[in-house]
Amino acid sequence: MSEAQDQNANSGQEPENEQNAANEQQTADALGQAEAILNEAAAGVEEAQAEVTEKENELRNDLLRLQAEYVNYRKRVERDRVAVRDGAVQSVLATLLPVLDDIDAARAHGDLADGPFAAIAKKLDTILESHGLERIDEAGVEFDPSVHEALLRQPVPEIPADHVGQVLRAGYRKGTYTMRAAQVLVATGE
């Protein structure tokens, strides 16, 4: 081959090589662009996942806060309901205290030994006890100003000083609340 033919042969190859190089360059550019797009998309997905996780945590915390508020609300409503019910029961019991005093006076005079009124008095006592009403009428116990009202102080045989010698009028309590203090005679111990 002559030099001219070599040049023609080489020149024929050069355009092919240039074309291959150009194709390779375009392919590399396209692959680079595709990688860049995929990297951007992956970064966007990670950011979106981070935002979703953050939003999810925020919503979970809001839900837990709402649940706690609801539980507290239910407890408060139940506590208020019990307080209202107890207040109503105490109000009714307080209005019945004069009736109970009359029944006690009748018992003291022997009028409730037998008969229909004795049965009614017994039923009333049972009902009031079921509602938690307790009588404060025990003699010989230590004087307690929270449940006793001292009307007199005098010596009482066999009762030590500062103890209840005699109950003059019974008191009543419901649970820890004293509805009416018992009026008592306090022994001086002499």
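Side chains included, hydrogens not; waters and symmetry mates left out as well; all remaining heavy atoms used. Residue numbers count from 1 along this sequence.
Under a hydrophobic clustering in which Ile, Leu, Val, Met, Phe, Trp and Tyr are joined whenever their side-chain heavy atoms come within less than 4.5 Å, directly or via other members, Leu64 and Val71 fall into different clusters. When the side chains of ILVMFWY residues are joined at heavy-atom separations under 4.5 Å, either directly or via intervening members, Leu97 and Ile127 end up in two distinct hydrophobic clusters. Linking Ile, Leu, Val, Met, Phe, Trp and Tyr residues whenever their side-chain heavy atoms come within less than 4.5 Å places Ile103 and Met179 in a single cluster. Cluster membership check: Leu128 shares its hydrophobic cluster with Phe117, using side-chain heavy-atom separations under 4.5 Å among Ile, Leu, Val, Met, Phe, Trp and Tyr. In the hydrophobic clustering of ILVMFWY residues, with side-chain heavy atoms under 4.5 Å counting as a link, Leu124 and Ile136 come out apart.
At least one side-chain heavy atom of Leu185 sits less than 4.5 Å from a side-chain heavy atom of Val156.
Atom CG of Asp137 is separated from atom CD of Gln166 by 12.0 Å, given to the nearest 0.5 angstrom.
The two residues Ala121 and Leu112 come nearest to each other via the heavy atoms CB-CD1, 4.0 Å. Between Thr188 and Ala161 the shortest heavy-atom distance is O-CB, 3.3 Å.
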Could you please spell out the steps behind the side chain to side chain contact (heavy atoms under 4.5 Å, CB included) verdict for Phe143 and His163? CA-CA 5 Å; Phe143 176 77; His163 282 68; over 6 Å; no
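Side-chain N or O atoms of Thr126 include one that pairs as donor or acceptor with a backbone N or O of Lys122 at under 3.5 Å.
Electrostatic pairing of Asp162 and Arg153 counts as a salt bridge here, judged by a charged N lying under 4.0 Å from a carboxylate O. Classification of Asp101 and Arg180 as a salt-bridged pair holds, one side-chain N sitting under 4.0 Å from a carboxylate O. Salt bridge annotation for Arg60-Glu56: present, with a cationic side-chain nitrogen under 4.0 angstrom from a carboxylate oxygen. Using a 4.0 Å cut-off between charged nitrogen and carboxylate oxygen, Arg81 and Glu78 count as a salt-bridge pair. A salt bridge links Asp104 with Arg135: at least one charged nitrogen is closer than 4.0 Å to a carboxylate oxygen.
Residue-environment remark: CG (Asn61) exceeds the threshold of 12 foreign heavy atoms within 6.0 Å. Within 6.0 Å of CD in Glu158 there are 12 or fewer heavy atoms belonging to other residues, nucleotides or ligands.
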